[in-house]
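To start, the structure itself, in structure tokens.
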Amino acid sequence: MTSPPTDTPPSALRLRPAWSALQAHHEQLAPQHLRELFAQDPARAERFSLEAAGIFLDYSKNRITDETLRLLIQLANESGLRERINAMFGGERINVTEDRAVLHVALRAPRDQQIFVDGEDVVPQVHAVLDQMRDFAERVRSGAWTGHTGQRIDNVVNIGIGGSDLGPSMAYEALRHYADRKLTFRFVSNVDGTDFAEATRDLDPARTLFVIASKTFTTLETMANAHTARAWLLAGLGEDTGDTRAVGRHFVALSTNAEAVSAFGIDTANMFGFWDWVGGRYSMTSAIGLSTMLAIGPDEFRSMLDGFHEMDEHFRTAPFERNLPVLKALLSIWYNNFFGAQTMAVLPYEQYLHRLPAYLQQLTMESNGKQVGVDGRRVDVDTSPIYWGEPGTNGQHSFYQLIHQGTRLVPVDFIAFANSLNPLVTPLGDHQDLLIANVFAQAEALAFGQTAAQAEAEGSPAWLALHREFDGNRPTNVMMLERMTPAALGRLVALYEHDVFTQGVIWGIDSFDQWGVELGKVLAKRIVPELVAASDEALGHDTSTNALIRRYRALRSS
Ligand code: F6P
């Protein structure tokens, strides 16, 4: 689908000397097994591991040698990665198709840092909003902020979708251990009415705060849910409730669009703003993080921002050879573009991170699922792999079979923490030891496998030995952190943000637009009135869509 006609000259990427050198190197290295690479080099584990910004990365179980890394780093240099990093941190309009700067890194900058967009230092604005959020969060958490009837707020419902949901809901789950358990948090994203109904069915409107999170404040799903929330609140508070005053106590908005917030009926005094240089999927450290701050408190929220900032600084300053996001990105490129791996599994061995794969799906695929480069040409290499995952050990009893013995190569990121926030001991062992033993075992099995001869030696009959063979040579990264904290979450998410950025730079695409979501939105808008129109009204779609609309009308009215 992405290949240009054969008479099209190769892209700048394919013309890079490092690209052809990597192709030749791949041919040489691909037949080699990790068993051999480890046997040849006793210091391999030590050399191919790195600790920075609180994250230890063992990347020795990748199908690489020193030469691979040298060439991948050459590719990064030839792609102008250093200049692109400086351009991002320097506030240049690197989101070219939307003509915007990309400065989520400014959201976590300390108060005394300066970051300029169009000659204006944006850090004071960032901190002004953070102060406003702190003040509000403290009032809600202390009970000083009350609902319309004077009762304190016990329930917070975040209404948003995409980046206005996935970041906040992932972070709430990830940091639940640090949350004020007196407050109940719910996240409503889907326009499917079930989402709202189930999220609110046991809540008392008088004690519920709605946080309407939408960068644009025009997103159909969010606006529909916000209207439903307002109707639910007013009905719950009683017929004679003054609309504006009640809404003022029970609704706040997180947005860049003050006009639309006001038009909806939320006082802009209850609005927490951000800027067009914050992309939706990069917004969890902006005002979009208000629900996170309400849950864990302003100080822990600041720790999370500091964790992000630590990784931002590491990414900005570390040489590529010792740069975690750069190395991770280059390894992804290696498998995606040279081994033809189509997917990438992210497997956190930490239950609190169970929404991380969903969060990363938007971050990675909405950013790099593109086929036109910033030069306006169709790309001629594959761009983003498909990211997916589930927490371990659950996945082991589900899809790991394919990762071990399937026909496809699936590079894996394992994420593990040395200490549990819920230490429990059983006669079978400490839960954390049981958990982490599985991470190490999986990475070992994937790398080294088990030959049919070994299976036979262990008692398998010859006819079964092949079924019990694990060919191994399946690449993994193992990331290890001390424990799940707000700062650790920040470091981890920033690591993936910059990994995505680096991959986008190599492919020469704009990682910060998302035009691919538009067509479906336009068509849905057109179809909505058609669903409720008289059943014999003419339809102008293709025959399949026309037939589906008619079928829906018929089923709805029956
Ligand atoms: O439709 C895609 C998208 O624009 C995402 O990029 C974004 O995170 C999401 O919708 C929600 O957008 P908003 O915050 O403007 O409601």
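The figures here come from the full heavy-atom set of this structure, side chains too, leaving out hydrogens, waters and symmetry mates. Note that ligands are numbered from 1 as they come in the structure, with each ligand's atoms numbered from 1 the same way.
Donor-acceptor pairing under 3.5 Å is recorded for the side chains of D413 and Y496. Under the 3.5 Å distance criterion, with hydrogens and angles disregarded, no donor-acceptor pair is assigned to the side chains of S255 and N257.
Residue I161 has at least one heavy-atom neighbour below 4.0 Å for each of these atoms of ligand 1: 9 (C), 11 (C). Atom numbering of ligand 1 starts at 1 in the shown order; those under 4.0 Å from a heavy atom of G162 are 8 (O).
Contacts between T216 and ligand 1, counted as non-hydrogen atom pairs separated by less than 4.0 Å, involve both the backbone and the side chain.
The nearest non-hydrogen atom to atom 1 (O) of ligand 1, considering only Q514, E518, K521, comes from K521. Ranked by closest heavy atom to atom 13 (P) of ligand 1, the top entry among T222, T219, T256, V517 is T219. Closest heavy-atom approach to atom 6 (O) of ligand 1 within the set K215, M223, E366, R281: this belongs to E366.
For R230 and F264, the positive end sits near the middle of the six-membered ring, less than 6.0 Å away and at most 45° from its axis.
Remark: Q342 CD is loosely packed, at most 12 non-hydrogen atoms of other residues, nucleotides or ligands lying under 6.0 Å away.
Ionic pairing of D118 and R93 is present here: one or more N-O contacts between side-chain nitrogen and carboxylate oxygen are shorter than 4.0 angstrom. Taking the charged nitrogens against the carboxylate oxygens, R186 and D202 do have a contact shorter than 4.0 Å, which makes a salt bridge.
Protein heavy atom nearest atom 8 (O) of ligand 1, with residue, atom name and distance: G163 N, 2.8 Å.
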